[in-house]
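Below is one structure, written out as structure tokens, with a few remarks after it.
Lettering of chains follows the sequences in order, A, B, ..., and the numbering in each one begins at 1.
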Amino acid sequence: MRYRARVIAALLTVFAAAVAAAGEGEMLASACSACHGPEGRSVTGLPSLAGMNRHVFMDRMQAFRHGDGTIMNRIAPAYDAAQTAALADYFAALDRGDNEQRHAP
Amino acid sequence: MPRSDRRTLLRGLAGAAALGALGLPLRRARAAPPTVVIAGGGFAGASCALALRRLAPQLRVTLVDRQPRFVTGPFCNAVIAGLRPISSITQSHAGLSAAGVRIVHADIDGVEPAARRIRLADGRTIGGDRLVIAPGIDFDWAAIDGYGPAQVERIPHAWPGGAEALRTLRQQLRAMPDNGRVVISVPDNPYRCPPGPYERASLIAHFLKQHKPQASVLILDAKDHFSKEPLFRTAWGTRYGERLQWRGGRRDGARVVAVDSQSRRVRTISGDEYAADVLNIIPPQRAGRLAGDAGLTDAAGWVPVTAHDFSVAGHAGVHVIGDAARAEPMPKSAYAANMQAKLCAHAIARDLAGEPAVETKLINACYSLVAPDYGISITEVYRLDGDTLAAIANAGGISALAADSQTRAAEADYARAWYQNIVRDSFG
């Protein structure tokens, strides 16, 4: 029983951490959606972030930090590695949404 | 567990915890879920309503606004310059309705922070567990002698002031003499959309260059410096030359203090007089009437808020978001209003679920069009740490001063794309 209690306690800790991480990613990501669309689904030429591979996301952010881009080069330097990872995880887990709608003018 | 399942579970847990946070017995709470009422359906109010429905579907959200149509500040200058129709910047609350927000279109008599309720002009009241006030701005009509509500029809501020005001200013530009002069009066900080007056002057100059090449624009500014100033000045030099002139507050004593609406003449603080064929007065501003009437504003006329949730100290369960809030160093912009609304919605959802606030980061980004193919931007990222909101030093800033025409054209495209996405993010 004691073993089971420890397992449950450990699982709860993991779950609480996941809750915190999910909440953090979602809140951080809400700052992106004015340009990139609600829940990362853009209805314009600006890129959608929903469903983006996390490594692609991390690489793009790294390139922006090194000066790529017109506006992202001024935004990306504000995010540390942990926050960038939380954003990458959040967007990677989202549905891409309807393809046709995403690319509508 | 897939993320979507986890989120559903989280929402269920949040709902259950919310009941405890409100101190309601489970049975009663099941019959009556927590409620949020929002006064104001512009970018701030609408974004908050939509975000609350996305984050916590168990919440009942009611939004009250006096008008069913909302003409946006963003791109109002393109409308004035004849570059796009008013319909393209007119939003409704239909998307909010579809997302499950209860919409009430009625005149608001006032808000009652202590009771967390909205009082309608017809005597009805709508209350909730949380009251969010998003009243936008009002004008300080005492600031400029001879310019008040009675003069607005003849001399529109168009900030943005609804479809009729934009139509009037657009028509006045079309009808002005070929060698005429447009005078724009710009207030001191803070006011709604810091770069807006300079975008307006730019797009009017663009219109004149095409249709009335002998005509000119003069900005009379209460300030000595303004948003994106080096970018605007560079662009004005290359695109508009002598056609667009600017005079500053202390430098030139250009603050407008009096208006003669009949002759369309203005007088500045230094005593200089200027005659205009088209006169656009953007008056000094303060928080919308609802906030002032409820006693929430400071001496300057804005509402001090706690940064992590945009709550108002001393008024439990009351939040003020958007232009009315004092959120320095964030500017009063549609982006900032949408951002603050989502932060506020997250904070309300977390609070009702009994979870602590999170440290996070906020963004503001504002595009301006100098011409249809020439866009410039300013952005800032803010660290939210407890109750402190601070711009992050190694990020943010304006577009590169030296950039090729492709970059300027790309930013103009981004501006138009941003508009479509923020409208979707705010109004559904």
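How far SG of Cys35(A) is from OH of Tyr367(B): 5.0 Å, rounded to the nearest 0.5 Å. The distance from atom CD1 of Ile398(B) to atom CD1 of Ile71(A), rounded to the nearest 0.5 Å, is 11.5 Å. In this structure, the separation between CG on Asp425(B) and OG on Ser42(A) is 11.0 Å, given to the nearest 0.5 Å. From Ile392(B), atom CD1 reaches atom OH of Tyr79(A) across 7.0 Å, with rounding to the nearest 0.5 Å. A distance of 10.0 Å separates CD of Glu26(A) from CZ of Arg54(B), quoted to the nearest 0.5 Å.
Although no hydrogens or angles enter the test, the distance criterion places no donor-acceptor pair under 3.5 Å between the side chain of Tyr414(B) and the main chain of Thr70(A). Proximity of a side-chain donor or acceptor of Arg74(A) to a complementary backbone N or O of Ala395(B) within less than 3.5 Å is not detected. Side-chain atoms of Lys342(B) do not come within 3.5 Å of backbone N or O of Met27(A) as any donor-acceptor pair. Using a distance-only test at 3.5 Å, with no hydrogens or angles considered, a donor-acceptor pair links the side chain of Asn421(B) to the main chain of Val43(A).
For chain A, the option among Glu380(B), Arg383(B), Glu411(B) with the highest count of heavy-atom pairs below 4.5 Å is Glu411(B). Between chain A and the options Val423(B), Leu384(B), Thr379(B), heavy-atom pairs under 4.5 Å are most frequent for Thr379(B). Residue with the most contacts toward chain B among Ser33(A), Gly37(A), Cys32(A): Ser33(A) (heavy-atom pairs, distance under 4.5 Å).
Looking at Asn338(B), only its side chain comes within 4.5 Å of chain A, counting heavy atoms on both sides. For Ile378(B), the part lying near chain A is the backbone, with the side chain staying farther off; criterion is any non-hydrogen pair under 4.5 Å.
Under the 4.5 Å side-chain criterion, counting only non-hydrogen atoms from C-beta, Thr44(A) is not in contact with Arg416(B).
Within 6.0 Å of atom CG in Asn53(A), more than 12 heavy atoms from other residues, nucleotides or ligands are found, so the atom counts as buried in its surroundings.
Contacts with chain A (heavy atom to heavy atom, under 4.5 Å) involve these residues of residues 399-408 of chain B, listed by number: Ser399(B), Thr407(B).
Of all the heavy atoms in Lys361(B) and Ala78(A), the pair that sits closest is NZ-O, 2.5 Å.
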